[in-house]
Amino acid sequence: MKSVLLCLLFLLSPLQARAGEKAQTRLDELKMNCETCHGVGGVSPVPDQTPSIAGKSERFLVGQLEAFRAGKRRHDTMGLMGDTMSDDEIRAIARHFARMKK
Ligand code: HEC
């Protein structure tokens with residue numbers, strides 16, 4: 001019995017690692033996407049058109065992304081961005097940009 005369990009663990013661990021990698025790749029893709037408009041590291045080169053998001057509080061960023069997704073804050077592109085993001089992704093991306101230097 002024990003060896004069956006060990007064997008299962010052995011089989012499952014690379015799968016778990018791969019799921020983690022996938023989430024990381026998805027997050028990297030999202031970050032690059034945000035940065036095409038919001039600037040590298042979230043510091044906007046054109047703040048009068050696209051606000052910087054670096055160093056804003058995580059709570060603020062989560063709130064805005066949820067508002068875009070829910071259509072409470074209206075903006076075509078950001079609404080679409082929000083639509084593609086899960087709660088976990090919104091939280092992770094907000095945490096990332098909140099940690100960036102303004
Ligand atoms: C195609 C360009 C584009 C992309 C890609 C984009 N944004 Fe935006 N974002 C904007 C614009 C433009 C605004 C300003 C919207 C407005 O005027 O209400 C904005 C607003 C925001 C705001 C509100 C900021 C504030 O100070 O009020 C946040 C937060 C935000 N974006 C986060 C993100 C994140 C995170 C991503 C990546 C997942 C992303 N954006 C991708 C263009 C973009």
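Ligands are counted one by one from 1 in listed order, and the atoms in each one are counted from 1 as well.
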Any idea which atoms of ligand 1 are less than 4.0 Å away from a heavy-atom of [X]?
X   : value
N33 : 5 (C)
L61 : 29 (C)
Q49 : 12 (C)
F60 : 25 (C), 26 (O), 27 (O)

Side-chain contact, heavy-atom cut-off 4.5 Å: [X] with [Y]?
X   : Y   : result
M85 : F68 : no
M32 : T36 : no
K56 : P51 : yes

Any idea which of [options] brings a heavy atom closest to [atom]?
atom                    : options            : value
atom 38 (C) of ligand 1 : P47, S44, G42, C34 : C34
atom 28 (C) of ligand 1 : I53, L80, L30, T50 : I53
atom 27 (O) of ligand 1 : H96, E89, R73      : R73

message: Checking the side chain of T50 only, and the main-chain atoms of H38 only, is there a donor and an acceptor separated by less than 3.5 Å?
response: no
query: Okay, side chain of T84, backbone of M81: is any donor-acceptor separation there less than 3.5 Å?
result: yes
message: How close do L27 and E89 get, counting heavy atoms only, and between which atoms?
response: CD1-O, 4.5 Å
Identify the protein heavy atom lying closest to [atom], giving its residue, its atom name and the separation to 0.1 Å.
atom                    : result
atom 15 (C) of ligand 1 : H75 CD2, 3.4 Å
atom 22 (C) of ligand 1 : F68 CE1, 3.6 Å
atom 3 (C) of ligand 1  : C37 SG, 2.7 Å
atom 14 (C) of ligand 1 : P51 CD, 3.5 Å
atom 33 (C) of ligand 1 : M78 CE, 3.3 Å

message: How about CG on D83, more than 12 heavy atoms from neighbouring residues, nucleotides or ligands closer than 6.0 Å, or not?
response: yes
- prompt: From atom 8 (Fe) of ligand 1 out to just under 2.8 Å, does an N/O/S atom of T77 turn up?
  reply: no
query: Between atom 8 (Fe) of ligand 1 and H38, is there an N, O or S atom separated by less than 2.8 Å?
result: yes
- request: Answer yes if V40 and I53 sit in the same cluster of Ile, Leu, Val, Met, Phe, Trp and Tyr residues linked by side chain heavy atoms under 4.5 Å apart, and no otherwise.
  value: no
message: Using a strict threshold of under 4.0 Å (side-chain N to carboxylate O), is an ion pair present between D88 and R26?
response: no
- prompt: Between K101, H96, R95, which is the residue that forms a side-chain contact (heavy atoms from CB on, under 4.5 Å) with R99?
  reply: R95
task: Please say whether K56 places an N or O atom under 3.5 Å from an N or O atom belonging to ligand 1.
output: yes
